[in-house]
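Here's the structure, in structure tokens; my notes come after.
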Amino acid sequence: MTSMSRARVARRIAAGAAYGGGGIGLAGAAAVGLLLAEVQLARRRVGVGTPGRVPNAEGLYGGTLPTAGEPPLKLVMLGDSTAAGQGVHRAGQTPGALLASGLAAVAERPVRLRSVALPGARSDDLDRQVALVLADPARVPDICVIMIGANDVTHRMPPARSVSHLASAVRELRAAGAEVVVGTCPDLGTIEPVRQPLRWLARHVSRQLAAAQTIGVVEQGGRTVSLGDLLGPEFARNPRELFGPDNYHPSVEGYATAAMALLPTVCAALGLWPADEERPDASRREGFLPVARAAAEAASEAGTEVAAAAPTGPRGPWALLKRRRRRRVPEAVLNTAVPD
């Protein structure tokens, strides 16, 4: 699917989410029926070897840093098993812990991490998660990171419904005063037990949903980072290194790769990234695009950020597309990122 075609599909899905329409299906019923046996086989093969307990990474990171009289920054993780960190054994290996440690280092200020992410969650669970996050007005987070979408695809949730729940969550969090960064639906076509033709279909619908998620999030004032290709070519080249024991959830190195793709956007949302890197760099193919076009391009390239730029333009809302430079996680951080 070309970038322009993906943009049109994403715009239709997002419109269905905004106006209550049914959107379009992730795949035709006939195709799904033909692939049902393959799906069941893949599901039986994934999930073996995953630690049943998700490490509890909640707590204060960078506790020895000076606060200058200000309270710690508050970071909350929402979403599914990827946001929770399922598949690793230590709290410091989860994406929340890695983001909290990285954010504390950049801000030179402690960060308090909380997680309401739930393994197996789909986008309709975000209503419950947001209610938990906003239950105490005194604990409204400074920044929320949402990672969601894979289970929507595997459970065939209508994409318009999926985007509607995500957009609603972003709208509520932004209205409460929190910044929001969403890691969009990963590329499920990279999962090793999934074979052709399901692999092609999984990649197609994953990217289609990721692009539609971006439109819904950006229109509500959030930012997105594409995890699709990040968990695509890099995982495809290094499946044993970046996938965990179940060949489904990321490994320690996989989570670190995703966290470092999200960290620059998290910092930028809080005004902590260098000002000279906020300007679009033409040499990196960054710039202002209609939001649907930016969403389609982001769905095809690892770590690409999309943020609102202007409310209106010749073809509707516009967005800023950036390809931020990712930092590699030092080995010491992977081994010591634990709450104080």
Side-chain angles (χ1 to χ4, degrees), residues 61-62 65 70 72-79 83 95-113 140-147 166 169-171 173-184 210 213-230 256-289 291 294-295 297-299 301-311 317-329 333:
Y61 291 77
L65 294 168
E70 297 180 329
L73 290 168
K74 296 185 289 293
L75 165 66
V76 176
M77 301 294 295
L78 303 90
L98 294 168
L99 284 170
S101 297
L103 178 57
V106 173
E108 298 182 339
R109 180 177 167 187
V111 173
R112 185 168 297 283
L113 172 67
V140 173
D142 297 289
I143 181 85
C144 293
V145 175
I146 303 174
M147 301 170 75
L166 176 59
V170 174
R171 181 170 59 251
L173 292 169
R174 293 290 293 127
E179 297 292 340
V180 181
V181 174
V182 175
T184 55
Q213 286 178 318
T214 292
I215 295 175
V217 168
V218 170
E219 289 183 345
Q220 298 303 326
R223 302 180 186 221
T224 64
V225 177
S226 168
L227 297 183
D229 273 357
L230 182 72
T257 300
M260 290 305 100
L262 289 162
L263 181 60
T265 300
V266 167
C267 293
L270 292 169
L272 299 171
W273 214 238
D276 60 342
E277 291 196 25
E278 292 306 293
R279 294 186 293 272
D281 184 344
S283 68
R284 294 169 59 80
R285 295 177 292 114
E286 298 178 343
F288 299 96
L289 295 168
V291 66
E297 292 201 13
E301 186 164 347
T304 306
E305 174 190 319
V306 181
W318 281 58
L320 173 61
L321 183 145
K322 289 190 66 65
R323 296 175 171 87
R324 296 188 184 274
R325 295 176 178 85
R326 300 202 302 274
R327 271 60 171 175
R328 184 173 180 82
V329 183
V333 173

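Hydrogens, waters and symmetry mates are skipped; everything else that's a heavy atom, side chains included, is used. We number each residue from 1, following the sequence as shown.
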Please check this pair: side chain of Ser226 against backbone of Ala298, looking for a donor-acceptor N/O pair closer than 3.5 Å. yes
Set of side-chain hydrogen bond (donor to acceptor under 3.5 Å, both in side chains) partners for Thr265, sequence neighbours left out: Glu305
Keeping the roles fixed (side chain from Asp142, backbone from Lys74), state whether a donor-acceptor pair exists under 3.5 Å. yes
Indicate yes or no: at least one non-hydrogen side-chain atom of Glu286 is less than 4.5 angstrom from one of Leu320. no
Are the side chains of Tyr61 and Pro110 in touch, meaning some heavy atoms are under 4.5 Å apart? no
Stepwise side chain to side chain contact (heavy atoms under 4.5 Å, CB included) check, Leu99 with Met77: CA-CA 10 Å; Leu99 284 170; Met77 301 294 295; 4.0 Å; yes
d(Ile146 CD1, Thr184 OG1) to nearest 0.5 Å is 12.0 Å
For Glu179, enumerate each residue passing the salt bridge (Lys or Arg N to Asp or Glu O under 4.0 Å) test, keeping only those at least two apart in sequence or located in another chain. Arg174
Non-hydrogen atoms of Ala97 and Leu113 that approach each other most closely: N-CD2, 3.7 Å
Determine, stepwise, if the pair Arg112 / Leu73 fulfils side chain to side chain contact (heavy atoms under 4.5 Å, CB included). CA-CA 6 Å; Arg112 185 168 297 283; Leu73 290 168; over 6 Å; no
As a quick check of understanding, evaluate side chain to side chain contact (heavy atoms under 4.5 Å, CB included) for Val225 and Val306, giving each step before the final call. CA-CA 7 Å; Val225 177; Val306 181; over 6 Å; no
Set out, in order, the CA-CA distance, both residues' side-chain angles and the distance that settles side chain to side chain contact (heavy atoms under 4.5 Å, CB included) for Val145 and Leu78, then state yes or no. CA-CA 6 Å; Val145 175; Leu78 303 90; over 6 Å; no
What I'd like to find out is whether the side chain of Arg223 reaches to under 4.5 Å of the side chain of Val217, using heavy atoms alone. no
What's the shortest heavy-atom distance between Val76 and Pro141, and which atoms? CG2-CB, 3.6 Å
Given side chains that start at C-beta, do those of Pro72 and Val111 come closer than 4.5 Å, heavy atoms only? no
Just so I know, are the side chains of Ile143 and Val181 near enough to count as touching, which here means a heavy-atom distance under 4.5 Å? yes
Interatomic spacing from CG in Leu262 to OG1 in Thr257 - rounded to 0.5 Å: 11.0 Å
For Val140 and Ala176, work out which heavy atoms get closest and say how close. CG1-O, 3.5 Å
Are Leu103 and Cys267 side-chain neighbours, meaning at least one heavy-atom pair lies under 4.5 Å? yes
Please answer whether the main-chain N or O of Arg279 pairs with a side-chain N or O of Lys322 as donor and acceptor at a distance below 3.5 Å. yes
When every non-hydrogen atom of Ala107 is compared with those of Leu272, the smallest separation belongs to CB-CD1, 3.7 Å
Looking at every non-hydrogen atom in both residues, tell me the closest pair between Val218 and Ala319 and how far apart they are. CG1-CB, 4.4 Å
Report yes if the side chains of Thr224 and Thr304 come closer than 4.5 Å at any heavy-atom pair, otherwise no. no
